[in-house]
Amino acid sequence: MPSGSLLRLPAVWIALALGLLTHSAYLALDHDHYGVDTASYLVSASNLLHGQGFANALHQPELLRTPGYPLLLAIFMVAPMRVAFLVVFQHALCVFLIVAITVIALQITGSRLVAFIAASVLSLDVATVRIANLLLTEILFTTLIALTCWTLYGMMTQPKRQMLASAIAGLIGGCAALVRPVGILYFVPLSICVFVALRRRALRPAVVFVATFLLLPLLWTTRNVIEADFFGVSSIGAESILYYRAAGALAIQQPGNYFANVLKSRRALIQETCPDLQREYNIDCSQVTESQKASYSTRKGIDIIRRNLSSYFKSTLVALAYIIFGGGAEALSKITGLNSHIAESIVLCFTLPEACLAVAGCWYWYRHDRKLCCLLFLTVVYFLAISAGAEGYSRFRVPVMPMYALLVGGGAEGMFRWIRRIVGSGMVSKNNHAALS
C-alpha cells in the first residue's frame with residue numbers, strides 16, 4: 001500500500017492522537033527536566049558555545065561524553081532558542097516514532113492489530129515518556145537507531161542504490177555512536193543481518209556500511225588521541241567496567257538488598273582508586289591523566305570480573321530483568337502520587353505481558369519477514385545485553401522501544417491468530433459432533 005494512502009488510515013491518526021495525548025500530558029505534569037547526567041552535557045555545550053572547545057568543567061578535553069548530544073544542546077542554547085524547547089523537540093521525536101512504527105507495521109503486515117499494539121506499547125511506555133522529558137541522550141539516540149534500522153531494511157529489500165543506502169545507514173549509525181558510545185559495536189549485529197538477507201551479494205554493501213559507520217567514531221578517536229592521549233571514543237566504558245560491572249559482581253555475593261550493596265561496593269572501589277593510582281604511577285592523584293585512569297579502571301575491573309565470573313553473570317541477569325520489567329515505576333509514582341510499590345505492580349502488569357508477547361513476536365516476524373525479524377531481534381538483544389550492568393534500569397531499554405514495540409505487536413497478532421484457530425477448530429468439532437448425533 002502506498003505511504004500516502006497509509007497516512008489517511010484511521011490507525012495512523014489514532015496512533016498520532018495517542019502519542020500526543022501521553023506526551024503532552026506528561027510534559028504538562030512534570031516540569032523537572034534535569035537527569036543525573038544533564039549537568040555534564042550542559043557544561044560541554046556551554047564550553048563549545050564560548051569557543052573553549054569540547055571541554056569538561058575543569059576545561060580539560062572531554063573524554064567521558066561524546067559530542068553528539070552537547071552539539072544539539074548548543075544549538076538550543078543559541079538565542080532565541082531555549083534549552084526547554086529541546087524537551088518539546090524530544091517529545092515530538094517520540095510522537096514521530098509512534099506514527100512511524102504504525103505506518104511500518106501497516107505497510108509490511110497490513111494488520112491493524114500489529115500497528116495498534118505497537119503504537120500503544122510505545123505511547124504508554126512510562127520510561128520512554130519520562131526520558132523524553134529529561135535533557136538526556138536517549139531520545140535522540142533512539143531516533144538515530146530507528147533510522148539506521150529502517151534505512152538498512154530498505155537497502156536489503158530494494159536492490160536499487162544499495163551502496164548509497166548502505167552508506168547513509170552507516171553514517172546515521174556512526175552519528176548514533178557519537179551520541180551514546182554504547183552503540184559503537186552496533187555495526188556487528190547489523191552486518192550479520194546484511195549477510196543473512198543478501199548472502200552472496202552482501203559483501204560490498206556490508207563493507208560500505210561498516211566503513212561509513214566507523215568513519216565518524218574513528219575521527220573522534222583521533223581527536224582523543226591527539227588531545228588527551230586516549231585511544232577510544234569515550235572513557236565511560238572503562239568507568240562502567242570497574243564502578244558498575246565489577247561492583248555488581250561483588251555486590252551480588254553480599255547478603256541484603258542487591259542495589260544497596262552495589263552502592264557500597266562502588267563507594268569502596270572509588271575510595272581505592274586514588275591510592276592505587278598513586279602507587280601505580282608514582283605521582284599525585286590529581287595529576288593522573290584521564291587516559292591513565294581509564295587504563296587502570298579497565299584493568300582492575302576486568303580482573304575483578306574474571307575472578308568472580310559466576311557472580312558477574314548473576315548480576316547481569318538481575319540488571320537485565322530490571323531493565324526489561326522496571327518500566328518507569330518511579331516516574332509513574334511521581335506524577336500520580338501512588339505508593340512506589342503500587343506503581344511497580346502497575347508497571348509490571350504491562351511489562352510482563354509485553355515481554356511474553358515480544359518473545360512470541362520473534363516467531364511471528366520470522367514467518368512474516370525474516371529480514372526485518374533479524375533487524376528487530378538482534379537490535380533488541382544487542383542493546384539489552386550490552387546495557388545489562390549494575391547501572392542498568394528502565395532508561396536503558398528506551399533505545400530499543402520502537403523495535404521492541406513491533407515485536408510485541410507481532411506477538412499479539414500471532415496470539416490472536418492462535419486463539420482464533422483453536423476456537424474455530426473447537427466450533428468445527430462441536431458441529432461435527434452435533435451432525436453425527
Side-chain angles (χ1 to χ4, degrees), residues 97 100-101 104-105 108-109 114 118 121-122 138 141-158 162 165-166 168-177 179-203 205-214 217 316-317 319-321 323-324 354-389 392 396-411 414:
L97 288 172
I101 64 168
I104 288 167
I108 296 174
T109 68
V114 175
V121 167
L122 191 54
E138 276 74 15
F141 184 66
T142 302
T143 306
L144 292 172
I145 291 300
L147 288 173
T148 303
C149 265
W150 185 241
T151 306
L152 207 60
Y153 176 74
M155 182 276 291
M156 293 188 297
T157 53
Q158 298 178 7
Q162 277 189 336
S166 297
I168 292 171
L171 286 172
I172 297 172
C175 289
V179 173
R180 283 184 64 79
V182 72
I184 191 63
L185 295 177
Y186 185 42
F187 69 90
V188 176
L190 291 184
S191 299
I192 292 171
C193 290
V194 172
F195 278 98
V196 168
L198 302 181
R199 300 188 182 184
R200 293 180 181 178
R201 298 179 290 110
L203 185 59
V207 169
V208 170
F209 170 70
V210 173
T212 51
F213 186 104
L214 293 176
T316 299
L317 289 174
L320 191 60
I323 291 170
I324 295 172
E354 283 175 1
C356 296
L357 288 174
V359 173
C362 294
W363 176 242
Y364 170 84
W365 284 107
Y366 179 78
R367 295 182 65 186
H368 198 89
D369 189 329
R370 294 186 183 182
K371 294 172 184 176
L372 186 57
C373 178
C374 187
L375 283 170
L376 297 177
F377 175 73
L378 289 184
T379 296
V380 171
V381 168
Y382 169 81
F383 283 108
L384 291 184
I386 206 166
S387 303
F396 289 14
R397 193 185 72 206
V398 171
V400 301
M401 278 309 298
M403 286 63 74
Y404 191 74
L406 284 170
L407 287 176
V408 174

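- Heavy-atom minimum distance, S387 versus V182: OG-CG2, 4.1 Å.
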Starting from the C-alpha separation in whole Å, work towards a yes-or-no answer on side chain to side chain contact (heavy atoms under 4.5 Å, CB included) for L198 and M155. CA-CA 10 Å; L198 302 181; M155 182 276 291; 3.8 Å; yes

Between L185 and F187, is the side chain to side chain contact (heavy atoms under 4.5 Å, CB included) condition met? List the steps. CA-CA 5 Å; L185 295 177; F187 69 90; 4.2 Å; yes

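- In this structure, T151 contributes its side chain and A169 its backbone to no donor-acceptor pair below 3.5 Å.
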Are L372 and M156 close enough, and set up right, to give a side chain to side chain contact (heavy atoms under 4.5 Å, CB included), and what steps lead you there? CA-CA 9 Å; L372 186 57; M156 293 188 297; over 6 Å; no

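- In terms of heavy atoms, P189 sits closest to L378 at O-CD1, 3.6 Å.
- Note that the OG1 atom of T143 and the CG atom of L97 stand 4.5 Å from one another [nearest 0.5 Å].
- Exactly one residue among F141, F396, F377 makes a ring-ring contact (aromatic ring centres under 6.0 Å, His included) with F383. That residue is F141.
- Note that OH of Y382 is 8.0 Å distant from CD1 of I145, once rounded to the nearest 0.5 Å.
- Below 30°, between 30° and 60°, or above 60°: for W365 and H368 the angle between ring planes is above 60°, a perpendicular geometry.
- Across every non-hydrogen atom of G170 and T212, the tightest pair is CA-OG1, 3.3 Å.
- Listed here is the closest heavy atom pair of A319 and A388: CB-C, 3.8 Å.
- Partner of Y404 under the side chain to side chain contact (heavy atoms under 4.5 Å, CB included) criterion, chosen from I324, L122, L376: I324.
- Contact of the Y364 side chain with the T109 side chain is registered, since non-hydrogen atoms from C-beta on lie closer than 4.5 Å.
- Looking only at atom types and distance, the side chain of T379 has a donor-acceptor partner in the side chain of Y186 under 3.5 Å away.
- Heavy atoms only, all atoms of each residue included: C374 and C193 are closest at SG-SG, 2.8 Å.
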Quick one, I108 with Y153, criterion side chain to side chain contact (heavy atoms under 4.5 Å, CB included). Give me CA distance, side-chain angles, the key distance, then yes/no. CA-CA 12 Å; I108 296 174; Y153 176 74; 3.8 Å; yes

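- Among all heavy-atom pairs drawn from L406 and A105, the shortest one is CD2-CB, 4.0 Å.
- Distance check: L152 CG to L147 CG gives 12.0 Å after rounding to the nearest 0.5 Å.
- Going from atom CG of L384 over to atom OG1 of T316 covers 12.5 Å, rounded to the nearest 0.5 Å.
- Rounded to the nearest 0.5 angstrom, I386 CD1 and I184 CD1 are separated by 9.5 Å.
- Put simply, CD1 on I192 and CG on L375 are 11.5 Å apart, with the number rounded to the nearest 0.5 Å.
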